[in-house]
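Notes follow once the structure below has been shown.
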Amino acid sequence: VVNLECPLTERGSAIAKLGPSLSGEAALAAVARDGGFGAASLANNHIMDRGPDGLRDTLQACADAGLATVGAGADLAAASEPLVASVGAVSVAVVAVAEREFSIAGARRCGAAPLDPWATPALVRRLRDRGHVVVAIVHGGNELYGLPRPGLVAACRALADAGAAAVVCHHSHVAAPWEVHEGVPIVYGTGNFLFPASSGQASPWYRGYLASLTLDAGGVTDLRFTGYVQGGDGPRVRPMGPRAADAWHAHLDGLATTLADPAALDRAWRAFCR
């Protein structure tokens with residue numbers, strides 16, 4: 001599953017919003033499919049950057065490329081539908097949601113599924129009770145901040161407590177640490193996968209990791225991370241070298257130490273806000 005951070009369209013005009021308005025060509029859906037991805041999460045703060053026509057074009061481009069989608073649709077009900085797939089003997093339900101920022105669907109409005117403190121855990125619980133292994137994808141966090149704010153930690157742990165087998169976050173454009181909460185892995189930020197910067201960015205922008213989950217009917221049996229470097233010298237992704245990977249993992253281990261200490265996490269968040 002890959003997060004598709006922009007609509008794939010040549011129609012529509014940029015919506016009024018804070019920050020950049022993004023779009024791409026329809027052919028990028030096939031690029032993602034050929035790259036090995038089977039599904040795209042559309043629950044993010046950019047998917048409505050070209051309005052309703054842009055979302056409709058994106059859904060069509062993905063369908064034409066054989067790329068399944070989750071997290072956005074013609075209205076709130078459609079956007080909130082999970083992606084259910086059989087992986088071997090395991091039925092996996094992927095729930096994709098985004099924090100409320102410019103793109104959220106409504107009862108009669110197309111857009112992305114919201115991260116809701118009541119409805120999202122309830123959906124996870126219903127899917128778990130129906131026998132699915134639930135993976136929750138959350139587009140949330142604060143840009144260029146390598147830790148989750150305390151409120152995001154609470155929200156992700158609530159999804160784990162509701163029955164998610166794993167929770168994976170992205171949005172901050174930099175990699176963040178992970179934890180295991182009551183046996184459930186929570187990844188707080190994978191970093192950019194392929195996002196060449198239009199202007200100079202600090203080195204964390206260009207580093208990320210793939211999170212690989214091994215699942216059985218009981219949940220996650222193995223979690224592996226593969227560090228990579230992206231962009232910088234063109235639109236490509238390549239594995240980190242051993243020395244760079246060691247230094248980078250040491251950096252993430254330091255962030256994990258802060259994450260494990262609620263007082264330290266609160267101090268770091270307050271310092272970031274200042």
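Residue indices begin at 1 and follow the sequence shown.
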Q. Do you know which of V168, L210, V174 makes side chain to side chain contact (heavy atoms under 4.5 Å, CB included) with T190?
A. V168

Q) Going by heavy atoms in the side chains, are M48 and C110 under 4.5 Å from each other? A) yes

Qualifying residues under salt bridge (charged side-chain N to carboxylate O under 4.0 Å, His left out), relative to [X], sequence neighbours excluded:
X: R157; answer: E179
X: R270; answer: D266
X: R207; answer: none

Q. Between CD of E101 and CD of E143, what distance do you get to the nearest 0.5 Å?
A. 6.5 Å

Q: Measure the spacing between CG of L55 and CG of D49 and express it to the nearest 0.5 Å.
A: 11.5 Å

Q | Residues which pass side-chain hydrogen bond (donor to acceptor under 3.5 Å, both in side chains) with N142, listed by chain and number, not counting sequence neighbours | A | R149

Q: Applying side-chain hydrogen bond (donor to acceptor under 3.5 Å, both in side chains), name anything that partners Q60, two or more places apart in sequence or on another chain.
A: D64

Q) Under the side chain to side chain contact (heavy atoms under 4.5 Å, CB included) test, which residues partner D222, sequence neighbours left out? A) T214, R224

Q.
Strictly below 4.0 Å, N to O, side chains only: are R126 and D129 in salt-bridge contact?
A. no

Q.
So if I apply the ring pair (Phe, Tyr, Trp, His ring centres under 6.0 Å) rule between H173 and each of Y145, F195, F193, which one comes out positive?
A. F195

